[in-house]
Amino acid sequence: MMWKMMALLALALFLGGCRHTPDETRVREAIAAMASAAEAGKAGEATESLSDDFDGNGGALDKKSLANMIRLVHLRGAHIGVTMGPIDVEPRGERFVASFTVTLTSASNLLPDQLGVYKVESGWRKEGSEWRCYTATWDKSL
């Protein structure tokens, strides 16, 4: 009798510890990790959550070219600051759309035309057990 109660208690503790991180939270965390990695000049980490067929601004930027841009900035010894605004994540069927603002700053004159505040809308889909950004559009707002 005592072992049955202990087994039930162990099962309850095990099931209680198996909480799943909500998908919306996982998308937000992926966006924050990408921003942090880009700011640190870590191209591989910055593009890790992008799908292989990522399409940025209607063909203006793909996964490889984004990684190369981050590498170039890092190799030149420049620092690009990335400041994120709140991330709004909305379900769209089995996918998500995440919208946010991002501010790019720099202490150097590298890429001055690209610095400023951008409004971003990104599409996310699940690939295996991971959420990947497969599309994004952005407009400079300031």
Side-chain angles (χ1 to χ4, degrees), residues 3-142:
W3 67 272
K4 286 183 181 178
M5 287 182 55
M6 289 180 66
L8 285 173
L9 178 61
L11 180 63
L13 289 173
F14 174 75
L15 292 176
C18 291
R19 297 218 166 114
H20 172 72
T21 302
D23 291 332
E24 294 90 340
T25 301
R26 293 175 64 198
V27 169
R28 281 187 185 90
E29 289 171 351
I31 294 169
M34 290 170 64
S36 178
E39 188 171 43
K42 298 178 179 177
E45 290 178 29
T47 59
E48 188 174 305
S49 291
L50 299 180
S51 66
D52 288 338
D53 63 343
F54 171 76
D55 177 27
N57 251 11
L61 195 67
D62 62 11
K63 182 177 181 173
K64 184 178 177 181
S65 58
L66 176 59
N68 287 338
M69 187 184 317
I70 294 168
R71 284 184 192 99
L72 176 64
V73 168
H74 184 67
L75 286 172
R76 288 187 174 175
H79 174 76
I80 300 294
V82 180
T83 304
M84 299 291 301
I87 302 168
D88 181 40
V89 180
E90 296 179 31
R92 300 267 173 93
E94 294 182 4
R95 298 179 180 201
F96 286 100
V97 172
S99 303
F100 53 92
T101 59
V102 62
T103 303
L104 302 178
T105 58
S106 176
S108 68
N109 290 332
L110 186 65
L111 306 171
D113 293 339
Q114 283 82 17
L115 302 177
V117 179
Y118 290 85
K119 291 182 182 181
V120 180
E121 183 172 284
S122 58
W124 293 76
R125 66 179 177 224
K126 202 164 194 178
E127 294 181 0
S129 63
E130 299 296 322
W131 284 95
R132 303 269 185 233
C133 178
Y134 65 94
T135 186
T137 57
W138 54 87
D139 290 312
K140 193 170 183 179
S141 57
L142 289 177

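Listed by chain and number, the residues in a side chain to side chain contact (heavy atoms under 4.5 Å, CB included) with A35 are V82, M84 (sequence neighbours excluded). Every residue meeting the side chain to side chain contact (heavy atoms under 4.5 Å, CB included) condition with T83, not counting sequence neighbours, appears here in chain and number order: T103. Listed by chain and number, the residues in a side chain to side chain donor-acceptor pair (under 3.5 Å) with S122 are W124 (sequence neighbours excluded). For E90, the salt bridge (Lys or Arg N to Asp or Glu O under 4.0 Å) partners at least two apart in sequence or on another chain are R92. Among residues two or more places apart in sequence or in another chain, the ring-ring contact (aromatic ring centres under 6.0 Å, His included) test is passed with F96 by W131. For R28, there are no salt bridge (Lys or Arg N to Asp or Glu O under 4.0 Å) partners two or more places apart in sequence or in a different chain. Residues satisfying the salt bridge (Lys or Arg N to Asp or Glu O under 4.0 Å) test with D88, not counting sequence neighbours, are none. Remark: K42 engages A37, A40, E45 in a side chain to side chain contact (heavy atoms under 4.5 Å, CB included) (not counting sequence neighbours). Scanning for side chain to side chain donor-acceptor pair (under 3.5 Å) contacts around D139 gives an empty result, with sequence neighbours left out.
In plain terms, the two heavy atoms of E39 and I80 that are nearest each other are CG-O, 3.4 Å. For R132 against L50, the heavy-atom pair with the smallest separation is CD-O, 3.9 Å. For S51 against Y134, the heavy-atom pair with the smallest separation is OG-CA, 3.3 Å.
Annotation: the span from C133 atom SG to F54 atom CZ amounts to 5.0 Å, rounded to 0.5 Å. Between E127 atom CD and S49 atom OG the span is 10.0 Å, to the nearest 0.5 Å. Separating the CG atom in L66 from the OG1 atom in T47 is a distance of 6.5 Å, to the nearest 0.5 Å. Here D55 contributes atom CG and T135 contributes atom OG1; the two are 5.0 Å apart, rounded to the nearest 0.5 Å. If you take OG1 on T25 and CD1 on I87, they are separated by 10.5 Å, rounding to the nearest 0.5 Å. In this structure, CE in M34 is found 10.0 Å from CD in E48, a value given to the nearest 0.5 Å.
With respect to D53 and R125, a salt bridge is recorded, a charged nitrogen being found less than 4.0 Å from a carboxylate O. A salt bridge between E121 and K119 is absent, with no side-chain N of the basic residue lying under 4.0 Å from a carboxylate O of the acidic one.
Using a 4.5 Å heavy-atom cutoff, the side chains of H20 and R26 are in contact. Between T101 and Y118 the shortest side-chain heavy-atom distance does not fall below 4.5 Å.
Looking at S65, its side chain never comes within 3.5 Å of a backbone N or O of L61 through a donor-acceptor pair.
Pairs of residues two or more places apart, or lying in two chains, that qualify as salt bridge (charged side-chain N to carboxylate O under 4.0 Å, His left out) and include a residue from residues 57-75 are D52-K63.
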